[in-house]
Engineer: 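Starting off with a structure, shown below.
To find a chain, count down the sequence lines: A is the first, B the second, and so on, and within it residues start at 1.
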Protein chains: 2
Amino acid sequence: REKAVTGVALADEQAKMVIRDVPDKPGVAATIFSALGENKINVDMIIQATQKDGTNSITFTLDQDDLKPALRVLEEIAKMYSGSKIEYNDQIAKVSIVGVGMISQPGVAAKMFKTLADNGINIELISTSEIKISCAIAKAQGVKAVNALHKAFELDTVRQPQLV
Amino acid sequence: REKAVTGVALADEQAKMVIRDVPDKPGVAATIFSALGENKINVDMIIQATQKDGTNSITFTLDQDDLKPALRVLEEIAKMYSGSKIEYNDQIAKVSIVGVGMISQPGVAAKMFKTLADNGINIELISTSEIKISCAIAKAQGVKAVNALHKAFELDTVRQPQLV
Ligand SMILES: C[C@@H](O)[C@H](N)C(=O)O
Ligand SMILES: C[C@@H](O)[C@H](N)C(=O)O
């Protein structure tokens, strides 16, 4: 059986921002990301889960260097949606496992989450694609996480972050 | 300049499930996905955004056919975490845009969100990787969404869903 996971990647100069309690209606995500795009702010992960009581929150990660300009953009946006709030944290690391074989093996995500848990690492964000699972964790735990995942998935050397 | 987006994909036999208000501490995600894995339930997207007041919610998508077995698993899990609740919706479509050129162009996500908004389509979930942006929307709007995105990103034919 091919190895489900062929690489582990770490990006530890990240920050996360959340705009909470925006209306859950068409056009809101477009407004937020158009404003960020016009200000040339490069966003990494965009994560929005299920709405509650008609409002929703959108979380995204970006380079630490872009945090201040992004905050200025979001503060303008928040004025448009009364009740919305902005939160951020600039001590984030993104750790990812990648591999084409993942799709057919349901236990891979569980193994990643369990490896992080066994090392006392809390998962702050989760985002997945067919061949990649990414978790945002505290920046201080980035290296410990990568080493633990390496061991758990029996990989030899740290692979260069792949384009996935 | 290369086309940022080279394909649009649609999966419209999906369901989404949410386990709300679980403790935001290490081990919880591992418990949930180990149980799903042991029951051979294949999960597609896993989305967890930022916690609030020490609790968090985890949303995931899966084939409609797996909804009932997954519900049985989650109901057992929910007993372990008092205050947690399960919600689901089996009328979901996942629409994705893919393309290697996206990474360097911040406006691509905004354009996708705006195209959906202009067609009156509400975005229920968002999940991204470096070369793919996926949105969960109402199943009934799946085909309209794919056609609108096709036109917006000037693509000729619908590409087969890519492994990204
Ligand atoms: C919250 C936001 O994503 C909204 N549902 C939209 O479609 O823009
Ligand atoms: C909510 C859940 O993801 C928790 N933070 C964990 O690490 O398992």
Engineer: Relative to chain B, which of A:Ala35, A:Ser57, A:Ser96, A:Ala30 shows the most heavy atom pairs under 4.5 Å?
Structural biologist: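 The option with the most such pairs is A:Ala30.
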Engineer: Looking at B:Ile126, B:Asn39, B:Ile58, which has the largest count of heavy-atom pairs under 4.5 Å with chain A?
Structural biologist: B:Ile126
Engineer: Looking at A:Lys25, A:Met112, A:Glu87, A:Lys52, which has the largest count of heavy-atom pairs under 4.5 Å with chain B?
Structural biologist: A:Lys52
Engineer: Can you hop from B:Leu10 to B:Ile97 via hydrophobic side chains spaced under 4.5 Å?
Structural biologist: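 Linked within one cluster.
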Engineer: Go through the atoms of B:Ser34 and report whether side chain, backbone, both or neither lie under 4.5 Å from a heavy atom of chain A.
Structural biologist: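 For B:Ser34, the contact with chain A is made by backbone and side chain together.
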Engineer: So which of B:Thr50, B:Ile32, B:Val18, B:Asn89 has the largest heavy-atom pair count under 4.5 angstrom toward chain A?
Structural biologist: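 Option with the greatest count: B:Thr50.
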Engineer: Under 4.5 Å between any side-chain heavy atoms of B:Ile131 and B:Val98, yes or no?
Structural biologist: no
Engineer: Highest number of heavy-atom pairs under 4.5 Å with chain B: which of A:Ala136, A:Gly27, A:Ala29?
Structural biologist: A:Ala29
Engineer: Compute whether any side-chain donor of one residue and acceptor of the other, for A:Asp24 and B:Asn122, lie under 3.5 angstrom apart.
Structural biologist: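 Checked: A:Asp24/B:Asn122 side chains pair up, N/O donor to acceptor below 3.5 Å.
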Engineer: Who wins among A:Thr59, A:Asp118, A:Thr31, A:Asp44 for the most heavy-atom pairs under 4.5 Å with chain B?
Structural biologist: A:Thr59
Engineer: What I want to check is whether the side chains of A:Ser127 and A:Ser134 have a donor and an acceptor closer together than 3.5 Å.
Structural biologist: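 Checked: A:Ser127/A:Ser134 side chains show no N/O donor-acceptor pair below 3.5 Å.
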Engineer: Any ion pair linking B:Glu154 and B:Lys3 (charged N to carboxylate O, less than 4.0 Å)?
Structural biologist: no
Engineer: A:Leu74 versus A:Tyr88: any side-chain heavy-atom pair under 4.5 Å?
Structural biologist: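 In short, these two side chains do not touch, never coming nearer than 4.5 Å.
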Engineer: Just give me the residue among A:Lys114, A:Met45, A:Glu124 that pairs up with chain B most often, heavy atom to heavy atom, under 4.5 Å.
Structural biologist: A:Glu124
Engineer: Check this for me, if you would: do A:Arg72 and A:Glu75 make a salt bridge, where the nitrogen-to-carboxylate-oxygen distance has to be below 4.0 angstrom?
Structural biologist: no
Engineer: Can you tell which of B:Val28, B:Ile123, B:Asn56 has the highest number of heavy-atom pairs within less than 4.5 Å of chain A?
Structural biologist: B:Ile123
Engineer: Can you tell me which of A:Ile46, A:Leu125, A:Leu116 forms the most heavy-atom pairs within a distance under 4.5 Å of chain B?
Structural biologist: A:Ile46
Engineer: Any sub-3.5 Å donor-acceptor pair from B:Gln141's side-chain atoms to B:Lys144's backbone N or O?
Structural biologist: no
Engineer: Check each atom of A:Lys16 against the heavy atoms of chain B and say whether the ones under 4.5 Å are side chain, backbone, both or neither.
Structural biologist: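 Looking at A:Lys16, just its side chain touches chain B.
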